[in-house]
Amino acid sequence: MNKKLAAALSGGAVLVLTLSGCSSDDNSDKVNAWAKKVCDQVQPQLQKIANANAAIQQQTADNSKPADVQKTDSAAFQQISQAYKALGAAVDSAGAPPVDGGETTQKEAVKELNASSAAYANLQKKVDALNTKDQAKFADGLKGIADELNKISTSGDEALRKLQSGEVGTAMAKQKGCQKPTASVPPNTASSKPTSPSASPSKKS
């Protein structure tokens with residue numbers, strides 16, 4: 001029931017700074033300094049978005065209860081909305097990147113990040129309003145939300161692509177904070193334990 005939503009999320013607006021670090025000649029110190037300023041603030045927000053997506057992905061089993069799906073999706077959309085808002089604030093507070101047309105590019109990117117934040121907040125309201133008592137209606141409602149999510153993902157990232165192009169994009173790609181994080185796995189799943197379960201024969205009880 002939630003699979004279409006999970007697929008829509010993994011396909012699109014997530015996010016911004018999945019930058020590829022193309023190599024280039026030496027960037028100016030000013031551009032690198034600007035990229036560092038933005039990327040240091042970006043990483044926690046990218047982590048929130050990755051974690052929210054992972055939560056929705058995990059709630060995709062066909063036997064998931066509508067109420068559980070609703071709760072998970074609502075919390076995830078709220079988290080993504082807040083993250084986009086914070087990303088907009090990060091790009092805004094960094095000022096214009098020191099390149100030609102930097103001010104326009106920055107303003108457009110901030111506008112777009114804020115628009116994405118509003119769009120996810122709206123999706124949260126729609127999820128909260130779904131009827132969890134009727135499985136068929138709930139599934140239809142989720143399908144509509146997934147369709148909207150696809151539109152958010154594909155319609156508005158031109159300004160962000162622009163921000164990530166050329167000299168500025170290369171400088172951002174070098175910053176650890178702008179690289180795509182791995183989602184933290186919630187404690188009730190087993191996969192995040194690096195140690196092997198068989199390797200603890202004697203433990204104090």
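We use all heavy atoms of the structure for the numbers below, so side chains are in, but hydrogens, waters and symmetry mates are not.
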Next on the checklist: Per the salt bridge (charged side-chain N to carboxylate O under 4.0 Å, His left out) rule, what does the pair list look like for residues 68-84, sequence neighbours excluded?
Outcome noted: none
Item to check | Partner set under salt bridge (charged side-chain N to carboxylate O under 4.0 Å, His left out) for K126, not counting sequence neighbours | outcome: E148
Checklist outcome for this item: Between V91 and Q106 the two heavy atoms that sit nearest each other are O-NE2, 3.1 Å
Checklist outcome for this item: For G102 and A96 the tightest heavy-atom approach is C-CB, 3.9 Å
Checklist entry - Got a sec, which residues hit side-chain hydrogen bond (donor to acceptor under 3.5 Å, both in side chains) with K36, two or more places apart in sequence or on another chain? => result D40
Item to check | Distance in Å, Q59 CD paired with K65 NZ, rounded so as to fall on 0.5 Å steps | outcome: 10.5 Å
Checklist entry - Below 4.0 angstrom, N of the basic side chain to O of the carboxylate: do D147 and K143 qualify? => result yes
Item to check | For A94 against V38, the heavy-atom pair lying closest together | outcome: CB-CG2, 3.3 Å
Checklist entry - Is any side-chain heavy atom of Q41 closer than 4.5 Å to a side-chain heavy atom of S93? => result yes
Item to check | Residue pairs involving residues 84-106 (criterion salt bridge (charged side-chain N to carboxylate O under 4.0 Å, His left out); sequence neighbours excluded) | outcome: E103-K107
Checklist entry - Can you check side chain to side chain contact (heavy atoms under 4.5 Å, CB included) on N122 and F77, steps first, answer last? => result CA-CA 9 Å; N122 190 42; F77 287 146; over 6 Å; no
Next on the checklist: Please enumerate all residues that pass side-chain contact (heavy atoms from CB on, under 4.5 Å) together with P98, with sequence neighbours excluded.
Outcome noted: K30, V31, W34
Checklist entry - Would you say the side chain of Q124 lies within less than 4.5 Å of the side chain of S81, judging by non-hydrogen atoms? => result no
Item to check | Contact summary for G88 and N114, nearest pair of heavy atoms | outcome: CA-OD1, 4.2 Å
Next on the checklist: Nearest 0.5 Å, please: how far is CG in L142 from CD in Q135?
Outcome noted: 10.0 Å
Item to check | Atom pair CG (L87) and NZ (K48), whose distance is rounded to the nearest 0.5 Å | outcome: 9.0 Å
Checklist entry - Are any non-hydrogen side-chain atoms of Q79 and N51 less than 4.5 angstrom apart? => result yes
Checklist entry - So, do Y120 and L149 sit near enough that their side-chain heavy atoms are less than 4.5 Å apart? => result yes
Next on the checklist: For a quick test of reading the model, state the closest non-hydrogen atom pair linking Q45 to A83 and the distance between them.
Outcome noted: OE1-CA, 3.4 Å
Next on the checklist: Can you tell me how far apart OG (S64) and CD (Q58) are? Round to the nearest 0.5 Å.
Outcome noted: 10.5 Å
Item to check | Candidates L123, L130, D128 - the one meeting side chain to side chain contact (heavy atoms under 4.5 Å, CB included) with S74 | outcome: D128
Checklist outcome for this item: Hits for side-chain contact (heavy atoms from CB on, under 4.5 Å) against T132, two or more places apart or cross-chain, chain-then-number order -> P66, Q70, F138
Checklist entry - Is there side-chain contact between V69 and I56, with at least one heavy-atom pair below 4.5 Å? => result no
Checklist entry - Once you round to the nearest 0.5 Å, how far does SG of C39 lie from CG of L46? => result 8.5 Å
Next on the checklist: Distance check, rounded to the nearest 0.5 Å: C178 atom SG versus Q43 atom CD?
Outcome noted: 8.0 Å
